[in-house]
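Chain identifiers are assigned alphabetically (A, B, ...) following the order of the sequence lines, protein sequences preceding nucleic acid strands; residue numbering begins at 1 within each chain.
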Number of protein chains: 4
Amino acid sequence: MIHLDHRDGRPIYQQILDGFREQIRAGVLMEGDRMPSVRELATQLAINPNTIQRAYRELEFQGWIASVAGKGSFVCGVPQSDAQELLQAFDKLTTTLLSMGIPARELAARIEKGGEDHA
Amino acid sequence: MIHLDHRDGRPIYQQILDGFREQIRAGVLMEGDRMPSVRELATQLAINPNTIQRAYRELEFQGWIASVAGKGSFVCGVPQSDAQELLQAFDKLTTTLLSMGIPARELAARIEKGGEDHA
Amino acid sequence: MIHLDHRDGRPIYQQILDGFREQIRAGVLMEGDRMPSVRELATQLAINPNTIQRAYRELEFQGWIASVAGKGSFVCGVPQSDAQELLQAFDKLTTTLLSMGIPARELAARIEKGGEDHA
Amino acid sequence: MIHLDHRDGRPIYQQILDGFREQIRAGVLMEGDRMPSVRELATQLAINPNTIQRAYRELEFQGWIASVAGKGSFVCGVPQSDAQELLQAFDKLTTTLLSMGIPARELAARIEKGGEDHA
DNA sequence: GTGGTCTAGACCACG
DNA sequence: GTGGTCTAGACCACA
């Protein structure tokens, strides 16, 4: 499920974190789904369990999952804050592109193109 | 000109790097303009000259500026690769937002809103 | 492994950089091999760790190695761009030598001589 | 005649030095030709006469030109050492390319291709 | 004066 | 232990 790349500049725990966030955003993991156990995932990815645990701790802190002692971790869904942050990033990126002289029409066209799958 | 924030997760040299990239993209600094000297900026920002130099070295490598020993550093303009990278980031972000169920109409509306200054 | 010469005009970090490039090109260091740690090499060469790190940073940027914080630096192999650059340098040098009146036969003979090891 | 590029990493005096060496090697400037005067060239290139003088001093030291007080500087031709250095560079480059697995045939073919003008 | 290199030594995040 | 960042201060080459 999660793909690690040691050449990637991001630390391992963050790649795991980002990987799960993407899967939850895309609906691959849905509310109520059980997350793989720390030990299980650590074995599968061949990395230290501490690294997994750090990623899970962060995911829980940000509201993506909830850990239940003795039962495991479960997906909560996409936190409200996430969409807001992504939209802020979208606005900032848009502002930059417009300031560089790229016409709004072109950006809108790119949205349509990228959105064909979701039409 | 450049604003540093020690609470920002990014290292200082990167904040400087990003700051100048924005200024060049926005046209505040234009081709041929002289960059502040390493020592001058270091004094102004109250940081070590080496940190400035690291930022300038990367800016030069990425094609934003040209440094001439004994003369100073000069703005080259926006590298070709930059707009492409930003557009790729835009596409990726758009795809994520659409996959979360945010309608393309809303994204398009946000572009219009942000683009009023450039209309 | 790496030999430094303070009389050499090239800065130390570049001598290190060039030294590793040669070793990777020649296959002495191969994909996946571990690079000596920054501190280790600094001690061995009796120079400052920062100088090693600068060399490693450039090697990583050019695609020769990948550095993972907390784990070490690992050889990626010869970047695609490298062979192209060397061949361009070869063409330029050849053109110069031919323009000086050195016959193509002599250059070809020199290749054969140098290539006996690889025949 | 001489083209300066401030974006070039080489210092100005070296660009001048290399420029004249190329012209002499290519036969654009021939033995006995008069070099432009320091003041004349400094005006033409819009740089400091000291920089020109440094280049001329180096050219004289390497045997490319000879300066006659009160008369000017005159081209001597290509020094013996130059061809030897270029051939050494050629051998080194060839060795590197062969060690990377590039066949000698390909290098020979490139020589033929580049030498068509001099056939 | 400029940028470029190097040293010595500190602190941090990561695994 | 690893690499990454930053500081303080030195010396050099260039223009």
Side-chain angles (χ1 to χ4, degrees), chain A residues 4 6 9-16 42 45-55, chain B residues 4 6 8-17 34-42 45-60 65-74, chain C residues 4 6 8-17 34-42 45-60 65-74, chain D residues 4 6 9-17 42 45-55 58:
Chain A
L4 294 184
H6 282 277
R10 292 174 299 171
I12 303 292
Y13 85 93
Q14 183 124 26
Q15 293 185 39
I16 298 169
L45 298 179
I47 61 176
N48 194 308
N50 289 332
T51 306
I52 308 285
Q53 204 138 31
R54 166 147 191 198
Chain B
L4 294 185
H6 283 278
D8 193 325
R10 292 174 300 169
I12 296 181
Y13 82 90
Q14 184 121 29
Q15 293 183 39
I16 298 168
L17 210 163
R34 185 190 189 129
M35 299 281 289
S37 86
V38 171
R39 290 166 177 76
E40 183 185 348
L41 190 57
L45 298 180
I47 62 176
N48 192 291
N50 284 332
T51 305
I52 307 286
Q53 196 150 30
R54 164 127 192 223
Y56 277 25
R57 201 189 307 144
E58 301 235 349
L59 279 172
E60 181 172 23
I65 68 174
S67 293
V68 185
K71 289 205 71 177
S73 300
F74 301 87
Chain C
L4 294 184
H6 284 278
D8 191 325
R10 292 174 299 169
I12 295 182
Y13 81 91
Q14 184 121 28
Q15 293 184 40
I16 298 169
L17 210 163
R34 185 189 188 129
M35 300 280 289
S37 85
V38 171
R39 289 167 177 75
E40 183 185 349
L41 190 57
L45 298 179
I47 62 175
N48 192 289
N50 284 332
T51 306
I52 308 286
Q53 197 150 32
R54 163 129 194 222
Y56 277 25
R57 199 189 309 144
E58 302 234 347
L59 279 173
E60 181 173 22
I65 68 173
S67 294
V68 184
K71 290 205 69 176
S73 300
F74 302 86
Chain D
L4 295 184
H6 282 278
R10 292 174 299 171
I12 302 293
Y13 85 92
Q14 184 125 24
Q15 292 185 40
I16 297 169
L17 209 162
L45 298 179
I47 62 176
N48 194 309
N50 288 334
T51 305
I52 308 285
Q53 204 138 30
R54 168 147 188 197
E58 200 97 1

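Rounded to whole Å, atom P of F/dA8 lies 14 Å from atom CG of B/L45. In this structure, CD of B/Q14 is placed 8 Å from P of F/dT5, rounded to the nearest angstrom. Spacing between atom CG of C/L17 and atom P of E/dG4 amounts to 16 Å, rounded to whole angstrom units. Atom-to-atom, OH of B/Y56 to P of E/dT5 comes out at 16 Å; the value is rounded to the nearest Å. Counting to the nearest Å, the C1' atom of E/dC12 and the NE2 atom of B/H6 are 15 Å from each other. Put simply, CG on C/L41 is 16 Å from C1' on F/dG1, counting in whole angstrom units. Rounded to whole Å, atom C1' of E/dG4 lies 8 Å from atom CZ of B/R57. Separating the CZ atom of C/R10 from the C1' atom of F/dA13 is a distance of 18 Å, rounded to the nearest angstrom.
No donor-acceptor distance shorter than 3.5 angstrom exists from the side chain of B/E58 to the backbone of B/L17, with no hydrogens or angles considered.
In the region residues 47-55 of chain B, proximity to DNA chain E at under 4.0 angstrom, judged on heavy atoms, holds for B/N50, B/Q53.
The residue among B/S73 and C/V68 whose nearest nucleotide of DNA chain E is located toward the 5' end is B/S73. Along DNA chain F, the nucleotide nearest C/E40 and the nucleotide nearest B/K71 are compared for position; the residue whose nucleotide lies closer to the 5' end is C/E40.
Contact check, C/S37 against F/dT2: a side-chain N or O comes under 4.0 Å of OP1 or OP2.
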Before you tell me yes or no, could you show the steps for B/Q14 and B/D8 under side chain to side chain contact (heavy atoms under 4.5 Å, CB included), namely the whole-Å CA-CA distance, both residues' side-chain angles and the distance that decides it to 0.1 Å?
CA-CA 10 Å; B/Q14 184 121 29; B/D8 193 325; over 6 Å; no

Candidate pair A/L45 and A/I52, rule side chain to side chain contact (heavy atoms under 4.5 Å, CB included), full reasoning:
CA-CA 9 Å; A/L45 298 179; A/I52 308 285; 4.2 Å; yes

Quick one: do B/R57 and C/R54 satisfy side chain to side chain contact (heavy atoms under 4.5 Å, CB included)? Show the steps, please.
CA-CA 12 Å; B/R57 201 189 307 144; C/R54 163 129 194 222; 3.3 Å; yes

Passes side chain to side chain contact (heavy atoms under 4.5 Å, CB included), B/M35 versus B/E60? Steps please.
CA-CA 12 Å; B/M35 299 281 289; B/E60 181 172 23; over 6 Å; no

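Interatomic distance, B/Q15 CD to B/T51 OG1, rounded to the nearest 0.5 Å: 11.5 Å. Atom OG of residue B/S37 and atom CD of residue B/Q53 lie 10.5 Å apart, to the nearest 0.5 angstrom. One distance of note links CZ of A/R10 with CD1 of A/I16; it measures 10.5 Å at 0.5 Å rounding.
Each of E/dG3, E/dG4, E/dC11 was ranked by its minimum atom distance to the side chain of C/R39; first place goes to E/dC11. You'll find that the side chain of C/I12 is closest to E/dC6, out of E/dC6, F/dT2, E/dG4. Of the listed nucleotides (E/dT2, F/dC6, E/dT5), E/dT5 has the atom at the smallest distance from the side chain of C/Y13. Minimum atom distance to the side chain of B/P11 is reached by F/dC6, of the listed F/dA15, F/dC6, E/dG3.
Nearest heavy atoms, C/S67 versus C/S73: OG-OG, 2.9 Å. Looking at every heavy atom in both residues, B/Y56 comes nearest to B/I65 through O-CD1, 3.7 Å.
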For DNA chain F, produce a single dot-bracket line, 5' to 3'. Pairs: Watson-Crick or G-U wobble, both distances under 3.5 Å. Symbols: ( ) within strand, [ ] crossing, | other strand, . unpaired.
||||||||||||||.

